[in-house]
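Below: the structure, in structure tokens.
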Amino acid sequence: MSSTIDAAARARRVPDKPTLDGIEPRWDRTWTEQGTYRFDRSATRAQVYAIDTPPPTVSGSLHVGHVFSYTHTDAIARYQRMRGKAVYYPMGWDDNGLPTERRVQNYFGVRCDPSLPYDPGFEPPAQPPKQPIPISRPNFIELCERLTATDEQAFEDLFRRLGLSVDWSLVYATIDERSRRISQRAFLENLARGEAYQQLAPTLWDVDFRTAVAQAELEDREQPGAYHKLAFHWADGSGDVHIDTTRPELLAACVALVAHPDDARYRDRFGSTVRTPLFGVEVPVLGHHLADPEKGTGIAMVCTFGDLTDVTWWRARPAVALDHRLGRAHHRHRPGGDDRRGRPRRLRPARRQDRQAGPGHRGGPAAGQRRARGRAPPHHPPGQVLREGRPAARDRRHPPVVHPQRRPRRGPARRPGRARPTAHLAPRVHAPSLRELGGRAQRRLAHQPTALLRRAHPAVVPPRRRGPADLRRAAGARARPAAHRPLHRRAHRLRGGPTQPARRLRRRPRHHGHLGHLSLTPQIGGYWHEGGDGHLFDRVFPYDLRPQGHDIIRTWLFSTVVRAHFEHGSLPWTNTALSGWILDPDRKKMSKSKGNVVTPIALLEQYGSDAVRYWSTSARPGVDTAFDEGQMKIGRRLAIKLLNASKFALGTGEASPRAEVTEAVDRAMLERLADLVEEATTAFEGYDYARALERTEAFFWDFCDNYLELVKGRAYGSQGDGPADSARAALALALETLLKLFAPFLPFATEEVWSWWQPGSVHTSTWPQAAALRRGGDPEVYRVGTGVLSAARRAKTEARRSLKVPVELAQVAGTATELAALELVRADVVESANIAALTTATGDELVVAVRLADDA
RNA sequence: GGGCGCGUAGCUCAGUUGGUUAGAGCGCUGCCCUUACAAGGCAGAUGUCGGGGGUUCGAGUCCCUCCGCGCCCACCA
């Protein structure tokens, strides 16, 4: 290609007024059309860089936290792509479960009534009505699908505008068929290997939605309450013992009394029994260290289940044959007890009228509370003898208390006007669980976790978060031997691929979050055992990177490791990058409930995506970061500067075809640039994108302020063709390199400039090589040259004169080395600083004395 | 209550194995329309490195302690 054609082409393509306006949709379209980020399925595992992307919860709102952490991952993805890797970068949407149901109810103003028939013509009103419209279950599911599709589109739009280099042909949703199929397949494998067990365990129960809820769905809320004094009767007839409780309605579910082992008041009674008031059930008195002698009367009733301590106590059942008592105490209502060999029996569902404190009982807990207080006793058990023939009601001697209760997070549509007191703990057969939660493997893991994690230790970024505590405890935290039984009999029912989703949306068993699809994102994202694409999974697994929040190490990270360990005998990824929080100006964690979130789309529109990405990637990995629009302004300025500086560098003129970088200061600049490339590369290899950005940015501003000024005249040809060619070639080389270094951070602006003069996409170009830039330049030449220029500018500024004003005489003192370096850049210095006469003298260090011309 | 982390300029943050006079950007002050950029440029001022103690020739950096803040876990009769 001849230089004239080249120059003409260039002139056409460099705009007179470069702008960032409208840049995002334009390049997003082009990248999609060109398949810029499409995964190369022919790549071998060694050529692949695979990312296990955390699926955002689409039923939640978009917020800057998404922008923040996903940008970090994208910067790494873009770097790896330019390093020549085939980047596997899928995206998933988490749209399972209760949040989706809730959002559908709020959004459309409907509620699901399974008794209604399907209405094929149903359309929700434009505005959600005050009174939720009851609709059939199929109608409700249709709305769920409609809304999640909308939500997913909103997320994709955001992420596209943000410039995430995701391969959008690899999108999955945790609710879609593939995810369910893989999830079930993985579970079958667990079954086949005997890694899954059915286990008796309590589940948190949402009274409103009549479904089990995950712990993560709960929040603490202060509840006003009062102690109610209940009189239990010693079975040996020696009188009463009083219990203070805030939850008298749970009396029917009382299975034991518990006091602290050292409590002298009750120590002698351990092993004996009492009869409950009202129900006359005989329960044991036990000792447990969690009982607090200071609270109430120092002895508490254990119910199945009022709170999580009850669970502990119930599980901890000591040597006393509590299971036996359990059986009697809760004939129909019991959770099952243990069989003769100590294994839990199958749960027998309680009959409705017996669910005094269980899920779904009439009137809810409030009614139960009324009854137990004596206003409306449910019935009079035979032989019940209580003081005054009734349970001791509210005891006014105890002041009202405020105590926190765990309860489901409340959405706006949660039956307005009705205070639903609490999440119940209902004994249920826990959904089949991995041994992770109990049994031999759990014990093995509890001893092995460090070995497991250490053997092929995932590198955790940033390393300081790696504190052995985190990972070790993540692995061993929930070690608790528990009875279990294999589920082989169930296996055949699941065989043959995905089963139907729960026929009834309600009462769908929910796991404790970390056992659901989310622990299988590597398998789902990688099409594990999904036909049609040969060995895709083998090409991406184990993944190279898993980014995630540090708050869910113990849940998500650990469960992903466990499942990969069982399934593949390896870690699911080799690196984990932990991202920090976004903090509002008061240094609080930004969250929806606090109402301090900022809409990310508006930010992207106001500052531009590159600017927001700049703010995001300025934050060190894993560091909590303040939301700072100031940084976005800086980012925008940087992006604009990049356009303008590029326009200038490309506009000085075309280097002749065989141009060489010959001038000393040009070679010196390239030498410094080579150092920068090495530093940025090292930083990226250590996942420290922020350092790479910071160093690149610092170099760039110095490059603009000093190098461009220094060589400007020469590049325009003031010193002849040879020196001009050297400057132009150096400028082109530097610009190309800087665009590449900035590309992971400012994908739009760099691509824009790239398109002015280079073929293809900067994002599929190769990462710069330091060696290709080195020409034996001496950085000292650069330092001295820019130092003298800067001194001349300072003199002019201090004299309040224009920078154009001539320097009549510049006297430079310096070491022999410095003076020798100065001679190599003398012509550029004299020209750029407009120096009439420059003299040199030997000295200890570089000192510049400047005399300005008198004329104004 | 236990664990992890943070505290450096008015603000947001760097500061690597302990090593000259602790840095950057924003903001602030002043100057300059300079043939890429005035939504710009050039230059300047700005510190009890949270407090105290210790180790060391030398501490922002290592140790102890206290104060303040954040998160996770636990507790919540």
Side-chain angles (χ1 to χ4, degrees), chain A residues 14 16-18 220 222-223 225 227-228 230 243-248 250 257-259 290-292 294-303 306-310 312-313 401-406 462 464-470 473-474 477-478 549-555 580-581 583 585-589 615 618-620 622-631 633-634 636-638 640-652 686 688 690-691 694-695 697-698 701 704-705 708-709 712-713 716 789-790 792-805 832 834:
Chain A
V14 178
D16 288 339
K17 265 290 193 193
D220 281 339
E222 291 294 315
Q223 289 296 311
Y227 279 137
H228 302 274
L230 303 178
I243 303 288
D244 283 336
T245 179
T246 55
R247 303 286 302 279
L250 294 177
L257 297 187
V258 174
L290 282 179
D292 183 354
E294 299 298 314
K295 288 191 177 166
T297 57
I299 185 165
M301 59 177 191
V302 181
C303 302
D307 62 31
L308 295 177
T309 315
D310 282 337
T312 304
W313 282 332
V401 294
V402 175
H403 59 116
Q405 279 189 358
R406 284 240 167 75
R464 73 193 120 172
R465 288 273 187 199
R466 182 190 293 166
D470 261 350
R473 241 166 346 93
R478 307 217 174 262
H550 53 68
D551 54 328
I552 50 175
I553 290 172
R554 289 176 196 176
T555 51
W581 298 116
L583 308 172
D586 297 331
R587 306 210 59 79
K588 303 288 186 215
K589 178 187 165 191
W615 158 73
S618 295
R620 254 69 195 169
V623 174
D624 295 350
T625 303
F627 175 74
D628 185 2
E629 293 193 47
Q631 282 294 102
K633 290 178 185 164
I634 309 307
R636 181 171 182 82
R637 203 183 60 160
L638 174 63
I640 292 173
K641 186 82 172 178
L642 193 59
L643 298 183
N644 285 318
S646 301
K647 179 193 165 197
F648 166 73
L650 296 174
T652 53
D688 194 352
R691 178 182 294 271
E694 181 198 60
R695 297 303 155 98
E697 187 193 8
W701 284 105
C704 291
D705 294 344
L708 287 186
E709 293 298 327
K712 188 183 282 186
Y716 277 124
L789 173 60
S790 179
R793 278 195 302 232
R794 183 160 42 244
K796 295 174 186 180
T797 296
E798 283 167 1
R800 305 196 167 192
R801 305 285 293 277
S802 162
L803 291 181
K804 282 195 301 189
V805 73
S832 60
N834 196 10

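Excluded from the calculations below are hydrogen atoms, water molecules and symmetry mates; all remaining heavy atoms, backbone and side chain alike, are included. Each chain gets a letter, A, B and so on, in the order the sequences are listed, and its residues count up from 1.
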*Given B:A36, B:C31, B:G15, the nucleotide with the shortest approach to the side chain of A:R691*: B:G15
_Considering every strand and a 4.0 Å limit on heavy-atom distances, what is the contact class for A:K804: base, sugar-phosphate, or nothing?_
sugar-phosphate
*Given that both distances must come in under 3.5 Å, which nucleotide forms a Watson-Crick or G-U wobble pair with B:G44?*
B:C28
*Would you say A:K796 and A:S802 make side-chain contact, with heavy atoms under 4.5 Å?*
no
*asked:* Between P on B:G15 and CZ on A:R695, what's the gap in Å once rounded to a whole number?
replied: 9 Å
*asked:* Can you check the distance between B:A14 and B:G7, where both ends of the measurement are the C1' atom (answer in whole Å)?
replied: 15 Å
*Return the nearest nucleotide to the side chain of A:A645; candidates are B:A14, B:A36, B:U12.*
B:A36
*Taking atom C1' in both B:A9 and B:G27, what distance in whole Å separates the two?*
11 Å
_Side chain proximity check, A:I634 to A:E697, heavy atoms < 4.5 angstrom_ = yes
*Please state how far atom CG in A:L642 lies from atom P in B:C37, giving the value in whole angstrom units.*
16 Å
*Of the nucleotides B:A14, B:G30, B:G41, which one has an atom closest to the side chain of A:R800?*
B:G30
*Given the P atoms of B:C13 and B:G50, what is the spacing between them in whole Å?*
15 Å
_I'd like the C1' distance from B:U8 over to B:A22, given in whole Å._
8 Å
*For A:T652, which contact category applies under a 4.0 Å heavy-atom criterion: base, sugar-phosphate, or nothing?*
nothing
*Picking from B:A36, B:U12, B:A38, which would you name as closest to the side chain of A:Y716?*
B:A36
*B:U21 pairs with which nucleotide, Watson-Crick or G-U wobble, both distances below 3.5 Å?*
none
_Using whole Å, what does the distance between atom P of nucleotide B:G40 and atom CD of A:E709 come to?_
16 Å
*For B:A38 and B:C32, measure between their C1' atoms and round to the nearest Å.*
11 Å
*Counting just side-chain N and O atoms, does A:R794 come under 4.0 Å of either OP1 or OP2 of B:A43?*
no
*Distance in angstrom units between A:R793 CZ and B:C42 P, rounded*: 6 Å
*Among B:A36, B:C32, B:A43, which is the nearest nucleotide to the side chain of A:T797?*
B:A43
*What integer distance in Å separates A:F648:CZ from B:U34:C1'?*
12 Å
*Considering only side-chain heavy atoms of A:R637, which listed nucleotide, B:C26, B:C42, B:A77, is closest?*
B:C26
*Pick the P atom in B:A45 and in B:C64, then give their distance to the nearest Å.*
40 Å
*asked:* Mind checking if A:E694 touches a base, just sugar-phosphate, or nothing, with heavy atoms under 4.0 Å?
replied: sugar-phosphate
*Just compare B:C26, B:A36, B:G30 and give me whichever is closest to any side-chain atom of A:I634.*
B:C26
*What does A:W615 touch in the nucleic acid at a heavy-atom separation under 4.0 angstrom: a base, only the sugar-phosphate, or nothing?*
nothing
*Spacing of A:R794 atom CZ and A:T797 atom OG1 [to the nearest 0.5 Å]*: 9.0 Å
*Residue pair A:C704 / A:A645: nearest heavy atoms and the distance that separates them*: SG-CB, 3.8 Å
*asked:* With nearest nucleotide decided by heavy atoms, which residue, A:E697 or A:L803, maps closer to the 5′ end of RNA chain B?
replied: A:E697
*To the nearest Å, give me how far apart NZ (A:K647) and P (B:C37) are.*
5 Å
*B:A39 pairs with which nucleotide, Watson-Crick or G-U wobble, both distances below 3.5 Å?*
none
*When you compare B:G44 with B:G25, how far apart are their C1' atoms, in angstrom units rounded to a whole number?*
16 Å
*Closest to the A:C704 side chain: B:C42, B:A36, B:U12?*
B:A36
_Tell me which nucleotide, if any, is Watson-Crick or G-U wobble paired with B:C71 when both distances must be under 3.5 Å._
B:G3
*asked:* Could you check whether any side-chain heavy atom of A:K712 comes within less than 4.5 Å of a side-chain heavy atom of A:F648, counting everything from C-beta outward?
replied: yes
*Please give the nucleotide sitting opposite B:U34 as a Watson-Crick or G-U wobble pair, both distances under 3.5 Å, or none.*
none
*With rounding to whole Å, what would you report as the distance between B:U61 and B:U16 at their P atoms?*
11 Å
*Distance check: side-chain N/O of A:K712 vs OP1/OP2 of B:A36, anything under 4.0 Å?*
yes
*Name the pairing partner of B:G58, where a pair is Watson-Crick or G-U wobble with both distances under 3.5 Å, or state none.*
none
*Check the distance between B:A36's P and A:I640's CD1 and give it to me in whole angstrom.*
17 Å
*Of A:R636 and A:K796, whose closest RNA chain B nucleotide lies nearer the 5' terminus?*
A:K796
*Can you measure from CG (A:L803) to CG (A:N834) and round to the nearest 0.5 angstrom?*
10.5 Å
*First locate atom NZ of A:K641, then atom CG of A:D705, and finally report the distance between them rounded to the nearest 0.5 Å.*
6.0 Å
_CA sep, side-chain torsions, deciding dist, call: A:R620, A:E694, salt bridge (Lys or Arg N to Asp or Glu O under 4.0 Å)_ = CA-CA 10 Å; A:R620 254 69 195 169; A:E694 181 198 60; 3.7 Å; yes
*Between atom CG in A:D628 and atom C1' in B:C26, what is the gap in whole Å?*
8 Å
*Ignoring backbone atoms, test whether A:K17 places a side-chain nitrogen or oxygen under 4.0 Å from the OP1 or OP2 oxygen of B:C37.*
no
